[in-house]
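See below for the structure under consideration.
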Amino acid sequence: MMMSISLVACGQTGGTTPPPGPGPDKPTVFQNFESAVDVDAADSTAQIRTFKEKGEDPLVITQETIKNAENKDTKALKVQYTLTGSWGGFDFKIADASGKKWGSTDWSSFKAITFMFYGDGSGKTYRFDLLDNKGPNKDIDSAERFEFPFKDDTKGWKKIEVPFDQMVRRGWQPSGETPNDGVTLSEVWGFTFELSNGQGEAVSRTIFIDDIQLIPGGTKPPVTVKVSLDTSRVAVNEGQQATVTVKLDKKPTSPVTVKYSTADKTAKAGSNYTAASGTLTFAAGEDSKTFSIQSSNNNVAEGNLTVKYTLSNPTGATLDTTKEGILYIKDDEKFPYQDSTKSVEARVNDLLSRMTLEEKIGQMTQAERSAVNGKKYDLADLSIGSLLSGGGSAPTTGNNPVDWANMVDDFQNHSLLNRLSIPMLYGVDGVHGHHNVYGATIFPHNIGLGATRNPELVKKIGEVTAAEIYATGIRWDFSPCLCVGRDERWGRTYESFGEDPEIASMMTPIIDGYQGTSLNNKNSVMATAKHYVGDGGTTWNNGKIDQGDTQVDEATLRKIHLAPFIEAIKHNVGTIMPSYSSWNGQKLHGHKQLLTDILKTELGFKGFLISDWAAIDQIPGDYNSDIKNSINAGLDMIMVPDKYQTFITGAIAEVNAGNIPMSRIDDAVKRILTKKFELGLFEKPFSDRSELAEVGSAAHRAVARQAVQESLVLLKNDSLLPLKKTGKLLVAGAHANDIGLQSGGWTISWQGKAGAITKGTTILEGIKQVAPTATVDHVVTPSAADVTGKGYEAAIVVVGEQPYAEGAGDNGTLTLSAADQATVNNVCSNVKCVVVLISGRPMIVNDQLAKSSAFVAAWLPGSEGAGVADVLFGDKNFKGKLSFSWPKSVAQLPLNVGDATYDPLFAYGFGLSYNQ
């Protein structure tokens with residue numbers, strides 16, 4: 001039941017204002033029900049909310065006109081109910097002093113609450129509960145409850161008075177309440193009328209409530225004031241004055257004093273700053289004061305320095321936990337490594353020579369942005385080398401390019417406060433465009449790009465992706481994936497360019513697109529070849545294949561899985577990321593032969609190795625041994641991503657214990673710093689706002705549309721394609737008009753999802769653009785009756801997989817959903833149809849192939865669905881060739897070109913065109 005209105009206090013016109021302050025001796029009318037109230041059993045934010053045991057009849061609450069005790073018409077709250085269980089009634093919520101819809105208010109000036117009660121003289125006991133003292137959840141449902149029972153012993157009106165000092169704490173309390181010694185009148189959240197208390201009532205009753213009033217005469221308790229630093233971190237340039245703000249949590253009723261003082265940390269009083277101390281006095285009603293610290297400029301390169309400031313010895317108040325702060329003094333003078341005219345090698349050596357062990361380990365640490373979001377000064381204090389956004393990890397302020405640039409720049413500002421002003425390096429998984437960002441250009445996933453066989457196009461895709469990533473202040477892309485997918489049951493198949501290492505090797509020019517001819521080119525970002533090595537060759541094991549075991553000899557590993565990484569090194573790839581998987585039972589993240597002996601020594605890889613997300617945790621042993629084994633195996637930076645402090649502490653301990661050689665630490669840090677200098681981070685650490693307008697631009701989307709056109713593979717065509725642009729067409733299937741479905745995983749969120757999750761053109765929208773004179777009907781799941789007799793000349797049926805990413809995508813059946821199968825059957829049995837399959841891999845679609853007149857593998861095309869329509873209607877020809885063999889059944893898997901018993905439904909490299 002819903003009543004449309006809001007609770008109004010006496011003398012007020014709105015619904016959220018609390019009762020006025022107490023008069024000197026007159027009661028304050030809290031509610032007389034002459035104005036409307038908001039009642040809703042289902043809405044937890046309603047002013048009056050009913051509650052009852054499951055299965056009970058609902059309570060019906062209305063406002064009715066009735067004669068009052070003086071026989072005059074008045075409006076009152078009418079409550080009709082039948083309750084047989086042990087509990088039921090209704091809550092009254094109140095607003096706080098600021099007018100917030102639901103909160104607490106101060107009733108400490110009152111001694112009691114009264115109300116008029118109209119009953120039938122049944123002798124039944126009711127209960128009034130006061131709800132006070134918010135619990136840790138800070139809401140009415142975790143408030144502490146105090147009770148006052150009263151009897152219905154008068155037929156008609158009776159005045160009930162509830163003295164606050166006679167209320168007793170209830171035995172039952174909600175989960176999360178905070179107990180105290182009595183009613184906390186300074187923090188009242190509301191009250192409850194309990195209508196049933198186990199008396200087994202089985203008859204319907206009606207009661208009325210009216211004229212709720214608060215009776216003055218309470219004693220206002222003394223105000224407890226807490227003092228804290230509102231500014232616990234301050235940064236200034238040398239010679240500037242810092243202002244520190246001290247706050248009280250509430251305005252005091254009498255004067256409050258607190259002492260402040262400074263102390264050396266890395267800065268020295270008299271040389272780097274002027275020592276400061278004194279007393280702040282807050283007058284009654286004053287809740288904010290400031291003091292100053294003057295920094296000095298001694299014209300000596302010392303690095304960024306820190307000063308500690310502290311509050312102590314308050315009077316009239318207590319200290320809150322935030323009582324110590326840090327002043328960062330930014331050094332204006334430059335060290336040799338900050339001279340951009342020097343060689344990268346000279347700058348690296350100079351910087352490394354100045355670093356402590358703690359700072360070196362910090363540079364080897366990568367944390368997720370969400371882990372440091374509430375403690376950004378850890379970036380400076382721990383000299384953290386890198387941050388990342390995992391899939392779907394967007395700025396808290398919003399998800400547009402400006403939000404991203406603001407977030408990254410803010411993190412960078414905090415990072416540059418570290419002693420040596422080493423900029424942090426921000427990374428993202430831009431695996432098919434800058435796909436975490438709403439409105440960015442989303443390209444086909446790698447499986448589609450592999451079908452293009454067009455390295456120049458893929459290089460251009462790298463350039464566009466790099467430009468969009470660079471504009472948001474990010475300089476590192478965890479792409480390309482060079483895995484060679486050997487089993488379509490693997491949920492990451494779409495991240496692979498193909499089953500043949502030749503295709504992945506062919507597509508390594510995408511690295512040049514990301515990085516430019518040198519890393520510090522304008523708009524270039526650092527690329528990452530992943531996942532080294534063999535993650536596409538893991539063995540299917542009882543429904544799991546991701547992060548599994550690649551069981552092949554070394555010659556096979558080198559021939560199939562290592563080959564693309566050799567090409568990536570030739571393209572000067574900046575970083576390489578090992579795989580979660582194992583090779584013959586040994587985890588790659590702890591495999592010294594593969595990481596150091598082969599990759600760094602034999603192949604001469606000069607970049608640095610970055611771990612995958614918390615991947616070292618999977619190495620056998622405790623966490624410190626994970627740290628030791630992974631770094632000694634050759635990892636240079638560890639993606640923690642949450643427990644960065646634990647990692648830093650553990651790594652320092654392992655070095656100090658002699659378990660990790662200092663030479664290994666220095667090698668790792670040299671590799672990391674080299675890339676930071678090559679990227680130009682020391683000179684340009686912040687985003688380039690002039691490029692933000694290019695994110696998702698028409699020119700960028702044109703490249704994506706071309707990629708879609710060239711990725712489509714025509715598997716069957718019985719003289720249906722190209723379609724005519726006139727006449728009446730049916731478009732069927734949920735995938736036809738859903739940008740989330742056509743983009744797949746790693747789009748806005750990690751696993752991806754259906755819906756209008758970003759900007760772009762759906763396939764249906766593309767059809768209407770390309771064939772504007774055709775009559776186009778779209779039916780998501782048509783029955784046969786929706787198709788027959790409607791005069792359709794042809795139908796386009798767009799079906800496929802739901803979005804997924806690693807792990808969740810492992811699939812042992814590879815069949816379409818029952819709804820998609822029915823859609824194909826109902827349409828293609830009644831009209832000539834082309835089936836467009838949206839998927840991250842070949843699927844078992846024998847029946848759908850047989851029913852269709854034409855069949856197109858469109859993979860996961862991304863944001864530019866018009867590229868599909870361009871080819872269906874003949875504006876462009878089919879160019880795509882299968883980069884994976886298409887199986888007849890799952891029983892054939894794994895199935896790869898070159899197998900001794902190779903018998904696919906469509907062979908690797910197959911693809912028709914309009915000329916065939």
Side-chain angles (χ1 to χ4, degrees), residues 444-454 457 488 494 497-500 502-503 506 705-725 729 731 733 735-736 742 763 766-767 770-771 793-800 814 816 824 827-828 831-861 865-888 892 895-897 902-916:
H445 271 293
N446 283 357
I447 191 170
L449 300 185
T452 70
R453 302 297 204 278
N454 189 341
L457 173 60
E488 287 86 338
Y494 64 75
F497 289 112
E499 71 186 37
D500 189 331
E502 181 181 353
I503 296 186
M506 179 194 304
R705 186 167 179 169
Q706 179 187 352
V708 176
Q709 295 163 357
E710 296 192 20
S711 69
L712 303 181
V713 179
L714 181 60
L715 299 177
K716 176 183 179 181
N717 187 21
D718 289 343
S719 303
L720 177 63
L721 300 180
L723 295 169
K724 296 177 182 179
K725 294 184 180 181
L729 293 174
V731 178
H735 287 67
Q742 75 187 39
I763 294 171
I767 290 168
V770 172
E793 295 184 19
I796 303 169
V797 184
V798 191
V799 292
L814 301 182
L816 290 171
V824 174
V827 175
C828 297
V831 64
K832 288 184 177 182
C833 76
V834 52
V835 174
V836 178
L837 179 65
I838 305 297
S839 69
R841 52 200 159 188
M843 300 185 71
I844 308 305
V845 289
N846 300 346
D847 290 344
Q848 291 74 47
L849 274 162
K851 288 183 171 66
S852 67
S853 300
F855 200 101
V856 177
W859 314 115
L860 298 168
V868 176
D870 290 333
V871 183
L872 293 180
F873 288 91
D875 289 352
K876 299 290 180 178
N877 204 342
F878 282 95
K879 290 185 176 182
K881 305 297 180 185
L882 288 180
S883 57
F884 283 86
S885 303
W886 203 292
K888 297 175 181 177
Q892 286 185 295
L895 174 71
N896 295 289
V897 63
Y902 186 65
D903 183 27
L905 184 62
F906 297 107
Y908 169 85
F910 180 83
L912 301 172
S913 72
Y914 288 136
N915 302 321
Q916 295 174 295

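Atoms considered below: every heavy atom in the structure, side chains included; atoms not considered: hydrogens, waters and symmetry mates. Note that the coordinates shown come from a computational prediction; the quantities given were computed from them, not determined experimentally. Numbers here simply count residues along the sequence, with the first being 1.
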Tell me whether the count of non-hydrogen atoms from other residues, nucleotides or ligands lying under 6.0 Å of [atom1] in [X] goes above 12.
{"X": "Lys716", "atom1": "NZ", "result": "yes"}
{"X": "Glu793", "atom1": "CD", "result": "yes"}
{"X": "Lys881", "atom1": "NZ", "result": "yes"}

* Intermediate values then yes/no, side-chain contact (heavy atoms from CB on, under 4.5 Å), Leu905 and Leu849 -> CA-CA 11 Å; Leu905 184 62; Leu849 274 162; 3.5 Å; yes

Contact summary for [X] and [Y], nearest pair of heavy atoms:
{"X": "Val770", "Y": "Ala866", "result": "CG2-O, 4.3 Å"}
{"X": "Leu712", "Y": "Gly867", "result": "CD1-O, 4.1 Å"}
{"X": "Ser885", "Y": "Glu488", "result": "O-OE2, 2.9 Å"}
{"X": "Ser711", "Y": "Gly448", "result": "CB-O, 3.2 Å"}
{"X": "Leu715", "Y": "Phe910", "result": "O-CE2, 3.7 Å"}
{"X": "Ile503", "Y": "Gly450", "result": "CG2-CA, 4.0 Å"}

Side-chain heavy-atom pair [X], [Y] within 4.5 angstrom cut-off:
{"X": "Phe855", "Y": "Asn717", "value": "no"}
{"X": "Val798", "Y": "Leu837", "value": "no"}
{"X": "Ile838", "Y": "Pro861", "value": "yes"}
{"X": "Pro887", "Y": "Pro842", "value": "yes"}
{"X": "Val797", "Y": "Val834", "value": "no"}
{"X": "Glu499", "Y": "Ser883", "value": "no"}
{"X": "Val827", "Y": "Lys832", "value": "no"}
{"X": "Ile763", "Y": "Ile767", "value": "yes"}

* Can you name the residues that form a side chain to side chain contact (heavy atoms under 4.5 Å, CB included) with Ala451, not counting sequence neighbours? -> Val713, Trp859

* **Set of residues satisfying side chain to side chain contact (heavy atoms under 4.5 Å, CB included) with respect to Ala907, sequence neighbours excluded** => Tyr902, Pro904

To the nearest 0.5 Å, what is the distance between [atom1] ([X]) and [atom2] ([Y])?
{"X": "Asp718", "Y": "Cys833", "atom1": "CG", "atom2": "SG", "answer": "10.5 Å"}
{"X": "His735", "Y": "Ser839", "atom1": "NE2", "atom2": "OG", "answer": "9.0 Å"}
{"X": "Phe878", "Y": "Gln916", "atom1": "CZ", "atom2": "CD", "answer": "11.5 Å"}
{"X": "Lys876", "Y": "Gln706", "atom1": "NZ", "atom2": "CD", "answer": "7.5 Å"}
{"X": "Leu882", "Y": "Leu714", "atom1": "CG", "atom2": "CG", "answer": "10.5 Å"}

* Asked: Can you check side-chain contact (heavy atoms from CB on, under 4.5 Å) on Phe497 and Ile447, steps first, answer last?
  -> CA-CA 5 Å; Phe497 289 112; Ile447 191 170; over 6 Å; no

* To do: For Tyr908 and Phe884, run ring pair (Phe, Tyr, Trp, His ring centres under 6.0 Å): C-alpha distance rounded to whole Å, both residues' side-chain angles, the deciding distance at 0.1 Å, then the answer.
  => CA-CA 5 Å; Tyr908 169 85; Phe884 283 86; 8.4 Å; no

Indicate yes or no for a side-chain donor-acceptor contact from [X] to the backbone of [Y] under 3.5 Å, with no hydrogens or angles considered.
{"X": "Gln892", "Y": "Asp903", "value": "yes"}
{"X": "Asn454", "Y": "Leu457", "value": "yes"}
{"X": "Asn846", "Y": "Lys888", "value": "yes"}
{"X": "Lys879", "Y": "Gln709", "value": "no"}
{"X": "Asn877", "Y": "Ser913", "value": "no"}
{"X": "Tyr914", "Y": "Val871", "value": "yes"}

* Would you call the rings of Phe906 and Trp886 parallel, tilted or perpendicular if under 30° counts as parallel and over 60° as perpendicular? -> perpendicular

* To do: Check the pair Ser852 / Val824 against side-chain contact (heavy atoms from CB on, under 4.5 Å), numbers first and verdict last.
  => CA-CA 8 Å; Ser852 67; Val824 174; 5.8 Å; no

* Check the pair Val835 / Val856 against side-chain contact (heavy atoms from CB on, under 4.5 Å), numbers first and verdict last. => CA-CA 6 Å; Val835 174; Val856 177; over 6 Å; no

